[in-house]
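Positions are given from 1, in the same order as the sequence printed here. Model, not experiment: these values are computed from the prediction. Each ligand, and each atom within it, is numbered from 1 in the order the structure gives.
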Amino acid sequence: MLVGAGCVVDHLQTDVAPPREEVLARIEGAAGVVTMMSDRVDDPFLSAAGDTLRVVANFAVGYDNIDLAACSRRSVRATNTPGVLTEATADIAWALIMATARRVIEGDRKVREGRWQGWYPTELLGVELHGATLGIVGAGRIGTATARRALGFGMHILYTHPRANPELEQEQRAQRVPLDELIEAADIVSLHVPYRPENRHLIDAARLARMKPGALLINTARGPIIDERALLAALQSDRLRAGLDVYEHEPQLTPGLTELPNVVLLPHLGSGTVATRQRMSEMVANNILAVLRDEPPPHPIS
Ligand code: DGY
């Protein structure tokens with residue numbers, strides 16, 4: 001491990017997040033802690049580490065799990081891993097778009113379970129992507145990379161973002177529109193905003209009701225951006241289809257979701273390629289080592 005070159009490392013050898021009490025006990029006296037998005041970095045966490053703590057390096061680009069004000073109050077630096085997971089996450093958004101639009105998982109199950117009895121004209125009909133309208137909610141790095149991939153599909157792009165995105169507008173004739181206009185016009189709505197309290201349930205029952213019948217909702221950002229119970233109801237009424245990589249109460253899913261055929265469910269795989277996770281590990285190590293050497297970390301968030 002790169003960080004081992006300059007420090008004594010206490011490495012939790014587990015793939016399943018240990019109980020919080022165990023994490024809090026283990027971090028006492030640490031100078032730096034590598035956190036996952038499932039670790040809540042708040043006052044109790046920072047107190048458990050104690051005065052020795054100088055840096056919290058999040059193994060993720062999203063940092064909604066970190067209370068930045070609490071870190072600043074204790075002069076603890078926080079860092080993340082921006083940029084390196086953009087393309088991998090855009091790929092997973094497209095894996096979900098394709099699987100959801102063309103009913104790939106339903107088809108696979110049908111064949112595997114021996115239920116396929118031969119070709120017929122109305123079998124598992126899906127959504128035509130060519131010429132469809134893709135709505136990108138949040139045209140930052142990942143939203144832009146997701147939109148860029150739509151070029152080969154001849155899609156029309158709508159997007160929301162606090163500022164105009166000249167790359168999308170020039171290269172793809174994308175149009176920036178208000179969220180409700182996008183929701184009503186898009187055949188596919190793909191979410192790419194960071195999670196902040198004001199984005200909780202950005203896609204609520206009212207917005208789900210405004211989506212076109214048969215439209216697809218794709219979420220590779222953060223679960224709480226969608227009101228998952230409202231989505232369940234919309235999916236149960238068969239008005240929409242959805243592709244989800246993230247969940248409101250991860251890793252718990254709203255009961256009923258796994259029983260529906262019109263939703264594709266992934267276990268938060270956005271950044272999950274060997275190359276991307278390797279780059280994220282290197283960034284985390286470089287962020288920690290920089291702070292411990294009294295240098296500015298390459299990717300600070302506080
Ligand atoms: C992130 O980095 O925020 C992703 O959700 C996990 O890689």
Please determine if H268 has a nitrogen or oxygen closer than 3.5 Å to a nitrogen or oxygen of ligand 1.
-> yes
Check: L85 N/O within less than 3.5 Å of ligand 1 N/O | no
Has ligand 1 got any nitrogen or oxygen that is less than 3.5 angstrom from a nitrogen or oxygen of T81?
-> no
Mark up the atoms of ligand 1 that fall under 4.0 Å of a heavy atom belonging to G62, in ascending order.
-> 1 (C), 2 (O), 3 (O)
N80, T89, I301 screened by side-chain contact (heavy atoms from CB on, under 4.5 Å) with V61, the one that passes = N80
Donor-acceptor under 3.5 Å (H130 side chain, F153 main chain) | yes
Partner of D245 under side-chain contact (heavy atoms from CB on, under 4.5 Å), picked from T220, N219, I218, is T220
CD1 on I157 to CG on L182, rounded to 0.5 Å | 10.0 Å
Polar atom proximity, V61 to ligand 1 (N or O, under 3.5 Å) | yes
Taking only non-hydrogen atoms of R222 and a 4.0 Å limit, the atoms of ligand 1 in range are 1 (C), 3 (O), 4 (C), 5 (O)
Numbered in order shown, the ligand 1 atoms found under 4.0 Å of a heavy atom of M37 are 5 (O), 6 (C)
Determine, stepwise, if the pair R54 / L292 fulfils side chain to side chain contact (heavy atoms under 4.5 Å, CB included).
-> CA-CA 7 Å; R54 299 175 61 196; L292 298 187; 4.3 Å; yes
Hey, does the side chain of N286 reach the backbone of E282 with a donor-acceptor pair shorter than 3.5 angstrom?
-> yes
Numbered in order shown, the ligand 1 atoms found under 4.0 Å of a heavy atom of A60 are 1 (C), 2 (O), 3 (O)
Will you find, in the side chains of H156 and Q172, an N or O donor that is under 3.5 Å from an N or O acceptor?
-> no
In ligand 1, the atoms that come under 4.0 Å of a heavy atom of S271 are 6 (C), 7 (O)
